[in-house]
K.L.:
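A single structure is presented below for examination.
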Amino acid sequence: MHELSYFRGNLDAIAARLATRGYSLDVASYRALDQERRAALTESETLKAQRNSESNEIAKLKKAGADTTEQQAKVRAIGDRIKALEDNVKAVDDRFYETLAGVPNIPHESVPTGDDADANVEVHKHGTPPVFDFPPQNHWDIGPALGILDFERAAKITGARFAVYVGLGAKLERALINFMLDTHTREHGYTEVFPPVVVNSASLYGTGQLPKFAADLFKLEGTDYYLAPTAEVPVTNLHRDETLDADLLPISYCAFTSCFRSEAGAYGRDVRGIIRQHQFQKVELVKFCRPEQSHEQLELLTSHAENILDRLGLPFRRMLLCTGDMGFSSAKTYDLEVWLPGQNAYKEISSCSNFEAFQARRAAIRCKSAKGKAEPAHTLNGSGLAVGRTWVAIVENYQQKDGSVVVPDALRPYLNAEVITPRGTLA
RNA sequence: GGAGAGGUGGCUGAGUGGUCGAAAGCAGCGGUUUGCUAAACCGUCGUACUGGGAAACCGGUACCGGGGGUUCGAAUCCCCCCCUCUCCGCCA
């Protein structure tokens with residue numbers, strides 16, 4: 001959500017900037033709607049002011065023992081007029097805010113202009129893709145062959161785009177989660193939280209998934225509850241409707257959760273394997289900070305996610321997303337892409353974004369220093385990392401000719417194994 | 001699921017239907033006093049939208065869990081819903 005007065009005062013410049021991300025703001029009709037709203041408000045508020053003062057007069061007259069029948073009739077008439085206007089005021093106001101709530105964030109000046117992923121800019125590359133003296137396999141072949149990944153049974157239990165991890169496959173998932181959480185809490189200064197993954201609509205509105213992207217969510221029938229598509233939702237909403245002490249910022253949280261996405265509109269994309277699942281696990285990093293800190297905090301947060309990839313010995317690159325490829329709420333986003341030998345390509349494994357004040361305004365997350373005015377805080381988040389995709393990266397990058405998978409050093413204490421071989425599979 | 005209690009400003013906590021945006025206290029901020037700390041005293045101290053103003057600021061409207069209703073007038077009365085707490089039942 002944008003700040004109203006700023007939005008109004010810079011409409012043309014904002015529209016031009018939004019156009020770079022493929023959003024066309026109809027300036028003329030927005031302006032008309034804005035004026036319509038303000039006119040409607042002025043009219044009804046003037047009447048209300050009149051009613052209030054006349055009512056006070058009645059109170060005074062009554063106290064003096066006078067008859068107020070006539071005045072009461074007059075104020076009742078004003079009240080009737082207010083009531084008649086009310087529906088329109090509310091309709092216009094709702095329409096206005098619905099429009100505004102559907103406008104994406106403004107790209108930061110450092111974001112390159114472009115239409116789609118092709119215009120993303122590689123910031124740097126880290127590590128070298130492994131060279132195999134055999135044709136590297138995809139994880140959807142390696143996993144079932146090792147007996148650590150089972151798609152058929154998942155389809156039986158639930159359906160497409162679900163998977164069962166088995167034996168060391170399950171343990172690898174758990175090892176990754178623990179490794180990531182331990183690293184972020186012990187070395188990067190994050191406070192671990194374990195939030196609900198069922199969230200209400202107000203929370204989803206706060207982070208920007210609603211009202212526009214309801215189709216991407218699983219909703220619990222007959223309730224106002226949804227399955228969270230990312231821990232960003234519950235963790236950012238930890239501080240919804242709160243004023244944070246600016247001196248305590250930045251606040252950094254990490255959270256492990258399962259995430260649920262309907263993947264509506266993703267038909268045919270990544271249908272094989274566990275790259276794109278309805279349920280997946282993620283360790284998320286979330287930060288709240290003062291406005292002037294947020295861009296340095298984005299660099300920091302992104303480096304924390306990169307550190308996980310680095311420690312796991314996985315080759316990756318950092319991409320700065322162009323205006324056309326960013327998410328709705330983001331002002332600036334880095335994607336981390338991990339090398340997947342099975343696909344012979346880099347694949348997104350983390351997305352780190354600075355939302356600036358966009359979410360904070362929606363969610364009423366403010367910060368205030370001892371002698372400052374309250375202002376919207378800035379919020380950030382990033383995957384640190386997507387666990388399932390990290391699982392894929394490990395299995396594919398560390399695969400051996402004999403079909404086994406070598407466990408990277410950093411994970412050995414967690415997995416209590418040096419190599420994953422076809423053992424301990426589901427009977 | 002059943003019964004009861006309650007939701008008021010950053011916090012605690014008052015509030016007979018009529019200057020209540022809301023007492024009081026705490027915290028915060030500014031100041032006086034003080035050798036320092038502490039204390040005391042004085043002042044100040046909500047948010048959103050909106051009109052005016054370069055700004056400081058001034059005016060209007062709304063907000064006492066949410067939504068309706070009664071009334072000239074609602075934090076206060078009525079209805080519905082949500083949430084929290086306590087007890088009972090069930091349950092990981």
Side-chain angles (χ1 to χ4, degrees), chain A residues 1-10 30-101 194-206 210 220 222-226 234 237-249 251 258 288 357-377:
Chain A
M1 180 83 79
H2 296 97
E3 204 220 323
L4 268 188
S5 60
Y6 175 77
F7 201 74
R8 183 181 300 135
N10 300 275
Y30 177 85
R31 200 168 265 143
L33 182 57
D34 183 44
Q35 269 160 15
E36 188 184 356
R37 168 174 172 269
R38 283 189 289 163
L41 284 178
T42 303
E43 189 182 9
S44 86
E45 286 180 4
T46 304
L47 286 170
K48 283 178 182 172
Q50 207 178 324
R51 178 179 63 183
N52 289 345
S53 70
E54 303 260 355
S55 272
N56 283 335
E57 286 307 311
I58 291 172
K60 280 181 197 161
L61 289 170
K62 282 209 162 181
K63 222 166 240 171
D67 174 66
T68 57
T69 315
E70 206 172 297
Q71 285 84 349
Q72 288 186 26
K74 189 176 161 198
V75 179
R76 189 183 301 127
I78 297 173
D80 289 343
R81 285 175 64 197
I82 292 170
K83 209 163 273 179
L85 292 173
E86 221 162 57
D87 284 348
N88 182 53
V89 172
K90 192 172 183 330
V92 172
D93 198 56
D94 285 352
R95 195 147 42 88
F96 176 79
Y97 277 106
E98 237 169 76
T99 303
L100 195 64
F194 191 81
V197 294
V198 175
V199 296
N200 60 31
S201 59
S203 293
L204 287 158
Y205 179 85
L210 290 180
L220 301 188
T223 70
D224 183 46
Y225 296 157
Y226 297 77
N237 279 281
L238 275 176
H239 294 303
R240 171 152 52 86
D241 297 319
E242 290 184 19
T243 300
L244 304 169
D245 182 345
D247 296 335
L248 300 179
L249 299 177
I251 296 172
S258 289
F288 301 81
F358 189 83
Q359 293 181 327
R361 263 185 234 108
R362 290 176 160 244
I365 302 165
R366 289 186 284 268
C367 62
K368 188 181 178 182
S369 57
K371 46 179 160 186
K373 258 184 68 177
E375 59 182 338

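Quick caveat: nothing in here was measured; it's all calculated off a predicted structure. Sequence lines set the chain letters: A, B, ... in the order given, protein chains first and strands last, and positions in each chain run from 1.
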K.L.:
Within the 4.5 Å heavy-atom criterion, are A/Tyr97 and A/Arg37 side-chain neighbours or not?
P.N.:
yes

K.L.:
Could you please name the option among B/U47, B/C72, B/U50 that lies closest to any side-chain atom of A/Arg37?
P.N.:
B/U50

K.L.:
Compare the minimum distances between each of B/U50, B/C49, B/G18 and the side chain of A/Ala59, then state the nucleotide with the smallest one.
P.N.:
B/G18

K.L.:
Could you check if a side-chain atom of A/Leu244 sits within less than 4.5 angstrom of a side-chain atom of A/His239, using non-hydrogen atoms only?
P.N.:
yes

K.L.:
What nucleotide, of B/U50, B/U47, B/C72, holds the atom closest to the side chain of A/Leu4?
P.N.:
B/U50

K.L.:
Considering only the C1' atoms, how many Å lie between B/C90 and B/A14, rounded to the nearest integer?
P.N.:
41 Å

K.L.:
Closest approach to the side chain of A/Ala49, judged atom by atom: which nucleotide of B/C49, B/C72, B/G60 is it?
P.N.:
B/G60

K.L.:
Calculate the interatomic distance between A/Ile58 atom CD1 and B/G18 atom C1'; express it in whole Å.
P.N.:
10 Å

K.L.:
Toward the 5' end of RNA chain B, which comes first, A/Ser44 or A/Asn56, by nearest nucleotide?
P.N.:
A/Asn56

K.L.:
Send over the distance from A/Glu45 CD to B/C63 P, rounded to a whole Å.
P.N.:
11 Å

K.L.:
Would you indicate what A/Lys60 reaches in the nucleic acid, counting non-hydrogen atoms under 4.0 angstrom: base, sugar-phosphate, or nothing?
P.N.:
nothing

K.L.:
What integer distance in Å separates A/Asp241:CG from B/G46:C1'?
P.N.:
14 Å

K.L.:
When rounded to the nearest Å, what value does the distance between P atoms of B/G4 and B/C72 take?
P.N.:
35 Å

K.L.:
Of the nucleotides B/C72, B/U50, B/A62, which has the atom closest to the A/Asn52 side chain?
P.N.:
B/A62

K.L.:
Distance check, P atoms only: B/G9 and B/A23, in whole angstrom units.
P.N.:
12 Å

K.L.:
May I have the distance from A/Leu47 (atom CG) to B/U61 (atom C1'), rounded to whole angstrom?
P.N.:
12 Å

K.L.:
Using the P atom as the reference point in each nucleotide, state the distance between B/A75 and B/U84 in Å, no decimals.
P.N.:
26 Å

K.L.:
With a 4.0 Å cut-off on heavy atoms, is A/Arg361 in touch with a base, just the backbone sugar-phosphate, or nothing at all?
P.N.:
nothing

K.L.:
Without decimals, in angstroms, what is the distance between A/Tyr6 OH and B/A48 P?
P.N.:
19 Å

K.L.:
Would a 4.5 Å heavy-atom cut-off, applied to side chains only, mark A/His2 and A/Phe358 as touching?
P.N.:
yes

K.L.:
I want to confirm an ordering. Mapping A/Gln71 and A/Glu86 to their closest nucleotides on RNA chain B, which one lands closer to the 5' end?
P.N.:
A/Glu86

K.L.:
Taking B/A22 as the reference, what is the distance to B/U47 when you measure between their P atoms (whole Å, please)?
P.N.:
14 Å

K.L.:
Thinking salt bridges, do A/Asp245 and A/Lys368 make one under a 4.0 Å N-O criterion?
P.N.:
no

K.L.:
Rounding to an integer number of angstrom, what distance separates B/U16 and B/G69 when you compare their P atoms?
P.N.:
25 Å

K.L.:
Please state the C1' separation for the pair B/A55 and B/C36 - nearest whole angstrom.
P.N.:
41 Å

K.L.:
Return no unless some side-chain N or O of A/Arg38 is found under 4.0 Å from OP1 or OP2 of B/U50.
P.N.:
no

K.L.:
What's the closest nucleotide to the side chain of A/Lys48 if the choices are B/U50, B/U61, B/C72?
P.N.:
B/U61

K.L.:
Give A/Ile78 one of three labels, base, sugar-phosphate or nothing, depending on what nucleic acid heavy atoms sit under 4.0 Å from its own.
P.N.:
nothing

K.L.:
When the C1' atoms of B/G53 and B/C58 are compared, how many Å lie between them, rounded to an integer?
P.N.:
9 Å

K.L.:
What nucleotide, of B/G68, B/U61, B/U47, holds the atom closest to the side chain of A/Lys90?
P.N.:
B/G68

K.L.:
Salt-bridged, A/Arg76 to A/Asp80, with N to O below 4.0 Å?
P.N.:
no

K.L.:
Counting heavy atoms from C-beta on, name the nucleotide in B/U50, B/G73, B/U47 closest to the side chain of A/Leu41.
P.N.:
B/U50

K.L.:
Does either side chain, that of A/Glu3 or that of A/Ser5, offer a donor lying less than 3.5 Å from an acceptor on the other one?
P.N.:
yes

K.L.:
Would you say the side-chain atoms of A/Asn200 and A/Ser203 include a donor-acceptor pair closer than 3.5 Å?
P.N.:
yes

